[in-house]
Amino acid sequence: MSDDKNFTRDLSSPDAPRLFHNMLLLEDPTILLNMHGEDHLRLRRIVASAFTPRRAEQARPEISKIIDRLLDDVESGGHPADLMTFARLLPTRFISQILGVPEDDGEQLLEWVSAWLSFALPREDLDRAANDFSDYARALVERKRAEPGDSLIDHIINAHDVEDRLSENELISMIRMLIIGGNETIANAISRSLFSLLSQRQHWAALLADRSLVPAAIEELLRHNPPGGGTTGLIRLATADVELTSGSGVIRAGQGVFTPLVAAGHDPAVFPDPEQIRFDRPKTHSTMQFGAGRHYCLGVHLARVELELTLNALLDRFPNLRLAVPPAELPWSEGSYGVGLTGLPVVW
């Protein structure tokens with residue numbers, strides 16, 4: 001995962017291995033996810049300063065305001081309520097604020113994000129979504145150029161127009177990538193964590209009894225049930241022969257390797273009883289749920305802050321929160337790289 005010397009994420013070659021052959025997210029060679037080396041570092045550095053731990057901490061008041069407004073809607077709507085609506089809207093509204101995207105565009109953005117992560121939609125629908133999303137990003141850039149502000153998109157435009165640090169196509173791809181990454185991963189992290197807590201409600205009770213457990217609970221919930229579940233992971237291409245330390249063989253140069261991130265968090269040699277949720281696990285081990293090496297997720301600090309504020313707000317306002325249906329009856333997405341819940345009905 002973190003061996004950037006012998007493995008690359010550069011899958012720009014037409015004959016490079018693919019997880020899926022009908023998925024927009026993994027087809028675009030200009031998206032950070034699919035880049036490696038100096039070009040990847042060049043583009044990552046343009047936006048990295050917006051996603052530091054300090055920036056995430058500074059965002060707490062604004063994230064809390066969004067959470068409070070969304071939970072007001074949940075409460076006023078009565079129960080059962082679908083917390084998936086909350087889980088989707090929170091990251092959408094916050095990343096829209098960071099980027100300077102109109103909040104009213106949120107529902108349309110979510111549709112495009114869903115299409116970019118799908119490997120089951122007809123090709124015609126995927127191509128339409130790709131064109132429409134790109135046209136939206138281009139129109140947004142032109143509006144920002146006409147009326148500049150202080151958003152992250154303004155900063156990226158300046159990196160192109162003034163500093164010549166990226167191309168126009170890279171600018172559009174960067175906007176798409178930030179919208180996709182700022183939505184799906186966090187929405188899945190919130191909904192999967194709530195699923196784990198409410199389907200084994202003794203863990204919810206433990207947090208109610210001792211709120212100091214929340215930070216450790218977040219790490220354990222992400223380990224146990226990471227965003228995307230067992231499908232999350234990225235193909236890397238071997239650039240040299242690599243002998244496995246297990247002695248089980250050799251990965252040859254040119255071969256593709258897929259490492260599901262969930263496996264790192266369920267290794268019994270590192271996490272005893274990995275299927276058990278335990279808030280008292282040591283803090284020393286990385287579960288790699290947000291990747292590793294140069295491709296470590298830019299939004300990891302924001303994701304943890306959003307999850308922490310969400311859990312504390314729900315514990316405060318809905319201490320009796322519970323699932324409205326048995327866990328086995330909850331609906332899950334199909335045909336998508338970001339496998340997640342499509343509904344999370346609750347009562348309180």
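- Minimum heavy-atom separation, Phe195 to Leu341: CB-CD1, 3.9 Å.
- Counting only residues at least two apart or on different chains, the salt bridge (Lys or Arg N to Asp or Glu O under 4.0 Å) pairs with a member in residues 251-271 are Asp241-Arg252.
- Once rounded to the nearest 0.5 Å, the distance linking CD1 of Ile157 with CZ of Arg143 reads 10.5 Å.
- Considering CD1 of Ile67 and OG1 of Thr310, their distance stands at 3.5 Å, rounded to 0.5 Å.
- No option in Ile186, Leu222, Ile190 other than Leu222 meets the side chain to side chain contact (heavy atoms under 4.5 Å, CB included) test with Pro227.
- For Glu168 and Arg145, the salt-bridge test passes: some basic side-chain N is under 4.0 Å from an acidic carboxylate O.
- No single ILVMFWY cluster, assembled from side-chain heavy atoms under 4.5 Å apart, contains both Val257 and Leu237.
- Heavy-atom neighbours of Glu275 CD from other residues, nucleotides or ligands within 6.0 Å: above the threshold of 12.
- Within 6.0 Å of the CD atom in Glu163, the count of heavy atoms belonging to other residues, nucleotides or ligands exceeds 12.
- Of the possible polar contacts, one joining the Thr239 side chain to the Lys5 backbone as a donor-acceptor pair under 3.5 Å is found.
- Using a 4.5 Å heavy-atom threshold, the side chains of Val346 and Asp82 count as separate.
- Residues His224 and Arg192 have side chains not in contact (no heavy-atom distance under 4.5 Å, counting atoms from C-beta outward).
- Using cut-offs of 30° and 60° on the angle between ring planes, the pair Tyr136 and Trp112 is tilted.
- Atom CG of Asp280 sits in a crowded spot, with more than 12 heavy atoms from other residues, nucleotides or ligands closer than 6.0 Å.
- For Glu334, the CD atom is loosely surrounded, since the number of other residues' heavy atoms within 6.0 Å does not exceed 12.
- His160 places none of its side-chain heavy atoms less than 4.5 Å from the side chain of Arg165.
- Within the 4.5 Å cutoff, no side-chain heavy atoms of Ser196 are placed close to those of His203.
- Both Trp332 and Leu198 are assigned to one and the same hydrophobic cluster, defined by single-linkage of ILVMFWY side chains at heavy-atom distances under 4.5 Å.
- A pairwise comparison of heavy atoms in Pro345 and Val325 identifies CG-CG2, 4.0 Å as the closest pair.
- Between Glu219 and Arg304 there is a side-chain heavy-atom pair separated by less than 4.5 Å.
- Two residues are said to be in side-chain contact when any heavy atoms from C-beta on lie closer than 4.5 Å; Trp116 and Leu126 fail this criterion.
- Defined by atom type and a distance below 3.5 Å, a donor-acceptor pair is missing between the side-chain atoms of Asn131 and Ser134.
- Contact between Pro91 and Gly182 at its shortest, heavy atoms only, is CB-O, 3.2 Å.
- The stretch residues 89-107 participates, sequence neighbours left out, in these salt bridge (Lys or Arg N to Asp or Glu O under 4.0 Å) pairs: Arg93-Glu103.
- Ile218 is not listed as a side-chain neighbour of Ser193, based on a closest heavy-atom distance of 4.5 Å or more.
- Heavy-atom minimum distance, Ala324 versus Pro80: CB-CB, 4.1 Å.
- Arg123 has a carboxylate O that lies under 4.0 Å from a charged side-chain N of Asp127, or vice versa, which qualifies the two as a salt bridge.
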Quick one: do Val214 and Leu315 satisfy side-chain contact (heavy atoms from CB on, under 4.5 Å)? Show the steps, please. CA-CA 10 Å; Val214 168; Leu315 289 162; 4.2 Å; yes
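- Looking at Asp135 and Arg138, a side-chain N of the basic residue comes within less than 4.0 Å of a carboxylate O on the acidic one, giving a salt bridge.
- At least one cation-pi condition fails for Arg281 and Phe271: the charged atom is not both under 6.0 angstrom from the six-membered ring centre and inside a 45 degree cone around its axis.
- Judged as a salt bridge (Lys or Arg N to Asp or Glu O under 4.0 Å), the pairs with a partner in residues 312-331 (not counting sequence neighbours) are, in order, Asp72-Arg317, Glu75-Arg317, Arg211-Asp316.
- Between Phe279 and Ala216, the shortest heavy-atom contact is O-CB, 3.5 Å.
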One pair to check against side-chain hydrogen bond (donor to acceptor under 3.5 Å, both in side chains): Thr8 and Arg236. What are the steps and the verdict? CA-CA 5 Å; Thr8 179; Arg236 283 167 169 76; over 6 Å; no
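- Side-chain atoms of Arg45 never come within 3.5 Å of backbone atoms of His40 as a donor-acceptor pair (strictly under, hydrogens ignored).
- Note that the CG atom of Leu221 and the CG atom of Leu207 stand 7.5 Å from one another [nearest 0.5 Å].
- By the salt bridge (charged side-chain N to carboxylate O under 4.0 Å, His left out) test, Asp210 pairs with no residue at all, sequence neighbours left out.
- Interatomic distance, Gln108 CD to Glu111 CD, rounded to the nearest 0.5 Å: 5.0 Å.
- Here OG1 of Thr342 is found 7.5 Å from CE of Met84. Values are rounded to the nearest 0.5 Å.
- Between the CZ atom in Arg176 and the CG atom in Leu109 there is a gap of 13.0 Å [rounded to 0.5 Å].
- The stretch residues 83-92 participates, sequence neighbours left out, in these side chain to side chain donor-acceptor pair (under 3.5 Å) pairs: Thr92-Asn183.
- Of all heavy-atom pairs between His301 and Phe51, the closest is CD2-O, 3.3 Å.
- The side chain to side chain donor-acceptor pair (under 3.5 Å) pairs that include a residue from residues 48-61 are Glu57-Arg60, Arg60-Glu308, where partners are two or more places apart or lie in different chains.
- The side chain to side chain contact (heavy atoms under 4.5 Å, CB included) test with Ile98 is passed by exactly one of Leu178, Ile153, Leu302: Leu302.
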